[in-house]
Amino acid sequence: MDNRYKPDELEARIQAEWEQTGAFAVSEDPRREKFYCLSMFPYPSGNLHMGHVRNYTIGDVIARYQRMRGRNVLQPMGWDSFGLPAENAAIENKVAPAKWTKDNIAYMRAQLKRLGFAYDWTRELATCDPEYYRWEQWLFTRLFKKGLVYRKTSMVNWDPVDQTVLANEQVVDGKGWRSGAPVERRAVPQWFLKITAYAEELLAELENLAGWPEAVRTMQHNWIGRSEGVDIEFQVGDESLTVFTTRPDTLMGATYVAVAPEHLLAIEAAEESAALKAFIDECRNVPVSEAAMETMEKRGVDTGIKALHPITGEALPVWIANFVLMIYGSGAVMSVPAHDQRDFEFAKKYQLPIRPVVYPLDGELTLDEAAFTEKGVLRHSGEFDGLSSDEAFVAIAEYLEARGKGRRLTHYRLRDWSVSRQRYWGAPIPIIYCSSCGGVPVPDDELPVVLPEDVAFDETGSPLKHLASFVSTTCPECGGPAERETDTFDTFVESSWYYARFACPDNRDVMLDRRAGYWLPVDQYIGGIEHAILHLLYARFFHKLMRDEGLLKFDEPFTNLLTQGMVLKDGAKMSKSKGNTVDPQAMIDQYGADTVRLFMMFAAPPEQSLEWSDTAIAGAARFLRRFWKLAVNHLSNGKAPGLNKSRLTVAQRALRRQIHETIVKVNDDVGRRYTFNTAIAEVMELINALSRAQDDSAQGRAIMQEGLETGVLLLAPIVPHISDAIYRALGHEEMVINVPWPEVDKSALTREEILLVVQVNGKLRARITVPTDARRDEVEEAALADVNVQRFVANKEVQKVVVVPGRLVNIVVS
RNA sequence: GCCCGGGUGGCGGAAUAGGUAGACGCAAGGGACUUAAAAUCCCUCGGAGGUUUCUCCGUGCCGGUUCGAAUCCGGCCCCGGGCACCA
């Protein structure tokens with residue numbers, strides 16, 4: 001064993017050994033319990049950033065721990081390699097997206113290897129590989145035939161100068177990021193996946209996802225947003241205007257109706273009125289994001305059109321309002337200013353009538369400041385007077401249903417998934433447009449539809465649109481001339497099923513084979529909290545699509561989910577624009593992989609954000625050097641003698657107890673809580689205690705050997721290189737990755753005495769040591785006997801003594 | 001705006017089920033070793049007072065429940081994540 005700790009040399013040597021022995025390549029073994037550990041794969045942006053290092057270190061620690069626990073562990077890695085940045089690089093630096101992406105992957109793969117992650121690299125995949133995306137094209141054509149795919153128009157952000165569709169992040173303050181021109185909403189035909197057909201299942205199964213954080217389940221629950229309500233028909237001329245409401249009990253308080261600017265009624269009304277047309281045009285200058293919609297000033301105009309109240313027949317004004325969403329419900333709402341806050345504010349602004357119909361069960365109804373949005377009892381509602389809100393909900397719904405003016409239904413906030421992107425660097429949507437047959441899916445034997453890689457970014461929009469060799473084709477049905485779809489898939493499509501493909505990435509005949517049945521579901525999924533809704537919901541949806549295609553047999557893809565917090569520098573997210581990034585590569589070069597991994601796991605528990613510190617990482621390096629030195633010193637005295645448990649001094653027994661208490665603590669922290677920071681702190685305390693021991697007796701050295709071996713094994717998942725080196729120096733042949741996790745010796749844990757805290761009226765007044773098996777009255781007696789306790793108890797009446805076994809005594813005095 | 005988190009020393013954090021607030025580490029200060037520096041080792045380290053043994057205050061702010069609250073409840077402030085075309 002080298003006297004000095006030299007991480008560069010040691011890590012290179014051990015990594016080479018892992019590679020040569022194929023240490024982390026795994027295959028199905030039905031006799032062993034499998035464990036599939038997956039970290040969210042990266043977008044190959046060029047360099048690993050600290051968020052990746054954190055994510056992948058957490059995953060690697062869990063994977064290595066499970067391996068030491070005897071599981072057959074699959075931990076794969078791949079590349080989410082389609083997306084916007086590659087196109088931006090192409091435009092800015094004249095590099096082809098394919099080449100840019102492949103170069104980035106090569107560099108980042110080397111970085112991951114340098115960090116020593118225990119990946120099965122034989123399963124590596126990249127989503128931009130036609131052998132990967134062909135299977136989502138194939139599945140899409142199946143879904144097309146099942147009617148789970150459809151085409152309709154929806155709104156996009158349009159940059160009128162660059163003549164291109166903008167992503168929400170490319171819209172800055174309502175303007176295009178490059179051109180600076182105000183964005184316009186534009187209706188574009190898009191392909192949709194019917195995720196709403198699975199809304200009920202996606203919602204119901206959240207209850208069963210016990211291994212998911214409560215926050216993520218709540219967010220998805222709210223996102224799906226199930227609500228029970230009524231579609232109500234208002235008569236407008238000869239037409240019927242449908243509005244959805246969750247509060248039919250307030251129907252008698254409706255004083256106007258509001259429609260979205262894109263609503264057919266609004267568009268028709270605008271044909272007659274320049275003012276209405278001007279308002280609708282203005283509304284087109286709000287970006288399509290919901291945040292933009294919600295924070296803009298709420299405005300509206302009266303169309304002059306009247307809608308007849310379905311019960312009273314009263315003629316209510318129809319307004320166009322910029323906050324009514326065409327994508328939600330029917331694009332029209334009934335407005336009840338007395339009982340809806342937004343309607344209330346709108347009515348105040350435009351002096352529309354406010355008609356209260358629901359009153360609180362006790363107390364007065366006041367509508368000076370705000371609407372009364374709670375449930376209550378009905379008044380001024382004709383035959384419904386006196387009913388509670390819940391009773392009125394049913395009574396009014398039934399009244400409307402009986403007259404053909406309404407129907408009860410369940411509505412979801414969740415919208416169908418638009419998978420079309422007007423971009424180049426993505427998987428082509430496998431559809432062919434024929435003038436006589438319409439949109440036709442590409443037949444299986446013509447898949448994959450390969451994305452051409454030799455394209456020019458000279459013109460605006462997607463280069464695919466200008467590439468005749470791609471666009472021109474023949475109709476698979478009639479054989480006539482036809483054109484290919486030039487939109488590509490949303491990159492969330494690729495990331496919705498990669499976890500499954502890792503089970504059988506080499507199969508060229510089917511999307512998934514029986515190996516998926518062995519490895520799936522993912523036992524532990526690890527990724528950023530920012531993916532709590534979209535990615536994780538789409539992946540759950542896709543899993544069910546694959547299940548219903550017969551490819552998988554169970555319902556949910558990820559049994560346990562760990563959402564890791566962000567890596568911050570100076571309290572802010574690391575980003576190039578803020579100039580506060582720390583390059584992980586520089587840290588690896590300076591300290592080695594183990595130190596970087598140790599600091600990442602020590603600085604904060606995984607779910608919290610992590611504050612990067614250049615000085616604190618030096619502390620991690622210092623600890624590893626101390627650990628190394630302790631082992632060197634121990635070994636310099638030759639081989640340690642065997643342990644004889646019956647011949648230990650009090651101090652030796654105490655140190656040995658600490659060794660085994662450390663195992664107990666680390667088992668809980670690493671195996672159950674995933675609080676690696678406290679596990680590391682516990683091992684640090686053990687190493688500190690061993691360093692202080694200074695016991696050269698035979699049994700002292702035997703305990704040192706036991707302590708070092710234990711420490712090394714407990715840290716092996718976190719710092720695998722140094723652990724391997726020390727473990728073998730301690731006299732073992734095998735690689736530490738093949739050694740089982742240490743066992744607790746229960747006999748070492750016994751104590752004769754325990755420390756109790758004594759409080760008087762809840763304030764700490766003394767600490768006492770009592771025999772472990774002391775009876776309650778003995779404990780009370782010892783507590784009252786304490787000198788300092790007597791100072792606070794003397795001359796006072798003891799009202800109560802609370803004894804919490806093994807913890808404290810609280811004496812309550814008057 | 002809406003949904004979901006978080007707020008503890010100079011800093012990162014610990015306190016797992018309501019029971020010793022500040023484990024472990026960083027920084028800082030003092031000391032040892034050294035010609036010197038680095039490295040290493042030892043001591044101190046929430047605030048105020050007393051100065052060995054102790055007291056009061058203290059977990060974003062205000063109030064409540066409890067023998068006992070960082071932890072539970074109500075209200076408020078601030079910071080972060082998501083909001084459907086960033087991934």
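We name chains A, B, ... by the order of the sequence lines, and we start the count at 1 in each one.
- Using the six-membered ring where Trp is involved, A:W417 and A:Y538 have ring planes that are parallel, under 30° apart on the 30 and 60° scheme.
- Remark: RNA chain B takes part in the stems B:1-7 with B:77-83, B:10-12 with B:24-26, B:28-32 with B:40-44, B:46-49 with B:54-57, B:60-64 with B:72-76, each of 3 or more antiparallel Watson-Crick or G-U pairs, criterion distances under 3.5 Å.
- Residues A:Y498 and A:F41 bring their aromatic ring centres within 6.0 Å.
- Using atom C1' as the reference point in both B:A38 and B:A32, the two lie 16 Å apart (nearest Å).
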Check: Just by protein heavy atoms under 4.0 Å, how would nucleotides 10-18 of chain B read 5' to 3' in B, S and -?
Finding: --BSSSB--

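- A gap of 15 Å separates the P atoms of B:G22 and B:U55, to the nearest Å.
- Surrounding CZ of A:R807 are at most 12 heavy atoms belonging to other residues, nucleotides or ligands under 6.0 Å away.
- With rounding to whole Å, A:L598 atom CG is found 13 Å from B:C26 atom C1'.
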Next item on the list: Go through the steps for A:W191 and A:E485 under the test side-chain hydrogen bond (donor to acceptor under 3.5 Å, both in side chains), then give the verdict.
Entry: CA-CA 10 Å; A:W191 290 100; A:E485 170 67 84; 2.8 Å; yes

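- Between A:Q220 atom CD and B:G5 atom C1' the separation is 15 Å, expressed in whole Å.
- Taking each heavy atom of A:S636 and A:N633 in turn, the nearest pair found is OG-O, 2.6 Å.
- The CG atom of A:N761 sits 8.5 Å away from atom OG of A:S814, with the distance rounded to the nearest 0.5 Å.
- Using cut-offs of 30° and 60° on the angle between ring planes, the pair A:Y150 and A:F192 is parallel.
- Taking the six-membered ring for Trp and the full ring otherwise, the centers of A:W497 and A:Y132 sit less than 6.0 Å from each other.
- Comparing B:G10 with B:G46, their C1' atoms sit 10 Å apart, to the nearest whole Å.
- A gap of 12 Å separates the P atoms of B:G6 and B:A14, to the nearest Å.
- A salt bridge links A:D487 with A:K465: the distance from a Lys NZ or Arg NE/NH1/NH2 to an Asp or Glu carboxylate oxygen falls below 4.0 Å.
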Item checked: Test salt bridge (charged side-chain N to carboxylate O under 4.0 Å, His left out) applied to A:E214 and A:R217, step by step -> CA-CA 5 Å; A:E214 192 63 43; A:R217 290 194 282 165; 2.9 Å; yes

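- Taking the side chain as every heavy atom from C-beta outward, A:L536 and A:R540 never approach each other to under 4.5 Å.
- A:N633 places its CG atom 11 Å from the P atom of B:C41, with the value rounded to the nearest Å.
- For the residue pair A:T196/A:D416, the side-chain donor-acceptor check at 3.5 Å is satisfied.
- The gap from the P atom of B:C24 to that of B:A39 amounts to 22 Å, rounded to the nearest Å.
- Here the separation of B:G7 from B:U59, taken at their P atoms, is 14 Å to the nearest Å.
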Notebook entry, point to check: Base, backbone or nothing for each nucleotide of nucleotides 66-72 of chain B, written B, S, -, heavy atoms under 4.0 angstrom, 5' to 3'?
Noted result: -B-----

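- Comparing the C1' positions of B:U8 and B:C78 gives an interatomic distance of 16 Å, to the nearest angstrom.
- Checked against the 6.0 Å centroid criterion, the rings of A:F489 and A:Y133 do not qualify as a close aromatic pair.
- Rounded to whole angstrom, the span from the CG atom of A:L537 across to the P atom of B:C4 amounts to 16 Å.
- Salt bridge present: A:E297 and A:K349 bring a charged side-chain N and a carboxylate O closer than 4.0 Å.
- Of the residues in residues 615-629 of chain A, those placing a heavy atom less than 4.0 Å from an atom of RNA chain B are A:T615, A:A616, A:G619, A:R622, A:R625, A:R626, A:K629, in numerical order.
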Next item on the list: Report, as a single string ordered 5' to 3', how protein heavy atoms within less than 4.0 Å touch nucleotides 81-87 of chain B: B base, S sugar-phosphate only, - not at all.
Entry: BSBBBBB

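- Nearest-nucleotide mapping onto RNA chain B: of A:E214 and A:E685, the residue sitting toward the 5' end is A:E214.
- By the 6.0 Å and 45° rule, A:R4 does not stack over the aromatic ring of A:W628.
- With C1' as the reference atom, B:C54 and B:C73 are 36 Å apart, rounded to whole Å.
- Between the CG atom of A:N222 and the C1' atom of B:C2 there is a distance of 10 Å, rounded to whole Å.
- Using a 3.5 Å distance cut-off with no hydrogens or angles, the side chains of A:D159 and A:S179 do pair a donor with an acceptor.
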Next item on the list: Go along nucleotides 42-55 of chain B 5' to 3' and tag each nucleotide: B for a protein heavy atom under 4.0 Å from its base, S when only backbone or sugar atoms are that close, - otherwise.
Entry: ------------SS

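- Atom CD1 of A:I754 is separated from atom C1' of B:U20 by 14 Å (rounded to the nearest Å).
- The CD1-C1' distance, from A:I687 to B:A23, rounds to 17 Å in whole Å.
- One side chain, A:R626 or A:N688, offers a donor N or O that lies under 3.5 Å from an acceptor on the other.
- Anti is the classification of B:G75, since its glycosidic angle lies more than 90° from 0.
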Notebook entry, point to check: When you look at A:T678 and A:D669, which way does the side-chain hydrogen bond (donor to acceptor under 3.5 Å, both in side chains) test go after all the steps?
Noted result: CA-CA 7 Å; A:T678 53; A:D669 287 351; 2.8 Å; yes

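- Remark: C1' of B:A23 and CD of A:Q658 are 12 Å apart, rounded to the nearest angstrom.
- A:V567 pairs in a side chain to side chain contact (heavy atoms under 4.5 Å, CB included) with only one of the listed residues (A:H49, A:M50, A:H52), which is A:M50.
- Aromatic ring centres of A:W612 and A:F599: separated by under 6.0 Å.
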